[in-house]
Amino acid sequence: MMTALLPLPSHAAPSKADVEAQFESWVQKDLWPQAKAGGISEKTFKAAFSGVTLNWNLPDLAPPGFPPPKEQKQTQAEFSSPGPYFNEDRLKKLAATGRGFAAQYGSTLKRIEKTYGVPGSIVLAIWGRETGFGAAKIPNSAVEVLATKAFMSTRKEMFRTELVAALHILDGGDVTPAEFKSSWAGALGQPQFMPTSYLKYAVDFDGDGHRNIWTSVPDTLASIANYLVKKGWQRDRDWGFEVSIPEAVSCAQEGPDLAKPLSHWASLGIARISGKNFPSGEMNTQSMMLVPAGRDGPEFIVTPNFYIIKEYNNSDLYALYIGNLADRIGYNGGAFEGRWGDVGKMLRSDVAAMQKALERQGYDVGGSDGLPGYKTRRSIGQWQAKNGMKPTCFPEATMKGSLK
């Protein structure tokens, strides 16, 4: 027979059943000794892993013995324009729902504001953005997700740390394994805390003796507030203001490391786009310029609290979304008045090449990842000014030829 002439593989590729067996062994021989040494009881450990198998449907898996996952050539992809992120229909719906919850949980939010100094509107905005005010389905077993990723993801060590933290949560008795639900990324409950964050920031605000971010709204809202205040939220300060920056004022002055008193920015002619005055209590406090799309989008003066919101999700657009949604919930605010221009159409590889060219010229662009953060934006503005161009503080295709 012809098949007899075919070379046989030196070893067969592992099957899913083989990997499951390796996983069972890993749980008992590798993970359990670490958990036991960390003070986790055997009863908790057994209950946590009862019925748990690998979840093969999760992203970013690298099963042992299987071909490694193909690297995503992200540097070739376009980074997207900020405009679609601020979907007006979605924001209006979230704001309307948020105002309803502001009334429903008014006394709880007042107590949270008094205890933590974080405005209820900010807390509600994060709750709304993260899980649609608790309406989002969170169907996954947190232990299954975290164990799968700790055993065979592309970031095993990080998820192993989170898995051990999850076992400490279960050992503390706040939640049963059946109630212990997470997103596909292992984020827990309505505020979407990773387990390590839960251990640091979750609080029992309804007084039942359990920190319950799955079904208790007071615990959920207070835990978000506690997270922000532990990260450095400044009581009685806003997150920021949409402004108009005069043409004569350089846009290359943004970033948390270039903070100035608000009175300084006002003295340059920077004014709120709404026409209102800046709050008098803010004038002598430190604030920063923010131009997320350079001159081709809304412009802002933000407070240090803006960067505390970024601790929740490290994205300028996320923090702006939360700030805008909070203003809609708290003050019936609307969309940003500045329009997002048609930016974000360049390839990340082209932006990365610009970043490398600027680095060679001595500019600090914050790394050449192809994404224009504030250090890249202001470096572009400085380079444009130095080369006799009108600073736009954003990468443009016309710059490719001259910035190599």
Between [X] and [Y], ring centroids under 6.0 Å:
X	Y	result
Phe159	Phe151	no
Tyr201	Tyr227	yes
Tyr363	Trp383	no

Verify whether one side chain among Glu179 and Thr176 offers a donor that lies under 3.5 Å from an acceptor in the other.
yes
How about Ser41 and Asp171: does a side-chain donor come under 3.5 Å of a side-chain acceptor?
yes
Student check: side-chain heavy atoms of [X] and [Y] closer than 4.5 Å:
X	Y	result
Leu320	Ile309	no
Lys92	Glu88	yes
Ile380	Pro372	no
Glu299	Glu242	no
Phe45	Val27	yes
Val217	Thr108	no
Val243	Ile245	yes
Gln34	Arg160	yes

Salt-bridge present ([X], [Y]; N to O < 4.0 Å):
X	Y	result
Lys310	Asp316	yes
Asp219	Arg211	no
Lys400	Glu396	no
Arg378	Asp257	yes
Lys149	Glu162	no

Do you know which two heavy atoms are closest between [X] and [Y], and how far apart they sit?
X	Y	value
Ile213	Ala202	CG2-CB, 4.4 Å
Ser183	Gln192	CB-OE1, 3.3 Å
Pro292	Trp340	CG-CH2, 3.7 Å
Tyr374	Pro256	CZ-CD, 3.5 Å
Val343	Ser81	O-CB, 2.9 Å
Glu20	Leu54	OE1-N, 3.4 Å

Using modelled atom types and a 3.5 Å cut-off, is there a donor and acceptor pairing between side-chain atoms of [X] and backbone atoms of [Y]?
X	Y	result
Gln355	Leu371	yes
Glu254	Val291	yes
Glu359	Asp364	no
Thr220	Ser216	yes
Gln384	Cys393	yes
Thr303	Asp238	yes
Ser267	His264	yes
Glu311	Lys231	no
Asn305	Arg237	yes
Trp214	Lys181	yes

Given the rule in the side-chain contact (heavy atoms from CB on, under 4.5 Å) test, do Met152 and Gln22 qualify, once you have shown the distances and angles that lead to the verdict?
CA-CA 11 Å; Met152 61 175 196; Gln22 287 182 54; over 6 Å; no
Angle class for the [X]/[Y] ring planes (parallel below 30°, perpendicular above 60°, tilted otherwise)?
X	Y	answer
Phe241	Phe278	perpendicular
Phe300	Trp239	tilted
Phe193	Tyr312	tilted
Phe101	Phe133	tilted

Drop me the distance from [X]'s [atom1] to [Y]'s [atom2], to the nearest 0.5 angstrom.
X	Y	atom1	atom2	result
Glu144	Thr148	CD	OG1	5.5 Å
Asp89	Leu94	CG	CG	11.0 Å
Lys156	Leu61	NZ	CG	10.5 Å
Asp174	His168	CG	NE2	13.5 Å
Ser244	Ile270	OG	CD1	9.0 Å

For [X], look at atom [atom1] and say whether over 12 heavy atoms of other residues, nucleotides or ligands are found less than 6.0 Å away.
X	atom1	value
Arg235	CZ	yes
Arg90	CZ	no
Asp208	CG	yes

Mind running side chain to side chain donor-acceptor pair (under 3.5 Å) on Asn324 and Arg328 for me, showing each step along the way?
CA-CA 6 Å; Asn324 181 252; Arg328 290 171 189 247; 2.7 Å; yes
Report the C-alpha separation of Phe205 and Arg111 in whole Å, then their side-chain angles, then the decisive distance to 0.1 Å, and conclude whether the side-chain contact (heavy atoms from CB on, under 4.5 Å) test is met.
CA-CA 10 Å; Phe205 207 68; Arg111 201 155 60 91; 3.4 Å; yes
Trp56 ring centre to Lys16 NZ or CZ under 6.0 Å, with the angle to the axis within 45°?
yes
What verdict does the side-chain contact (heavy atoms from CB on, under 4.5 Å) test give for Ser141 and Phe180, after you've listed the backbone C-alpha separation in whole Å, the side-chain angles of each residue and the deciding distance to 0.1 Å?
CA-CA 6 Å; Ser141 155; Phe180 197 44; over 6 Å; no
Evaluate side chain to side chain donor-acceptor pair (under 3.5 Å) for Thr285 paired with Glu282, printing each intermediate quantity in order.
CA-CA 5 Å; Thr285 58; Glu282 293 273 4; 3.1 Å; yes
For Asn226 and Ser223, what are the C-alpha separation, side-chain angles and deciding distance, and is it a side chain to side chain donor-acceptor pair (under 3.5 Å)?
CA-CA 5 Å; Asn226 187 47; Ser223 295; over 6 Å; no
Using atom types as modelled, flag every donor-acceptor pair under 3.5 Å from a side chain in residues 120-130 to any protein atom, sequence neighbours excluded.
from	atom 1	to	atom 2	distance (Å)
Trp127	NE1	Gln190	OE1	2.8
Arg129	NH2	Tyr85	OH	3.0
Glu130	OE2	Tyr318	OH	2.6

Trp184: what forms a ring-ring contact (aromatic ring centres under 6.0 Å, His included) with it, not counting sequence neighbours?
none
Give me the one residue out of Val365, Thr392, Leu290 that meets side-chain contact (heavy atoms from CB on, under 4.5 Å) with Arg377.
Leu290
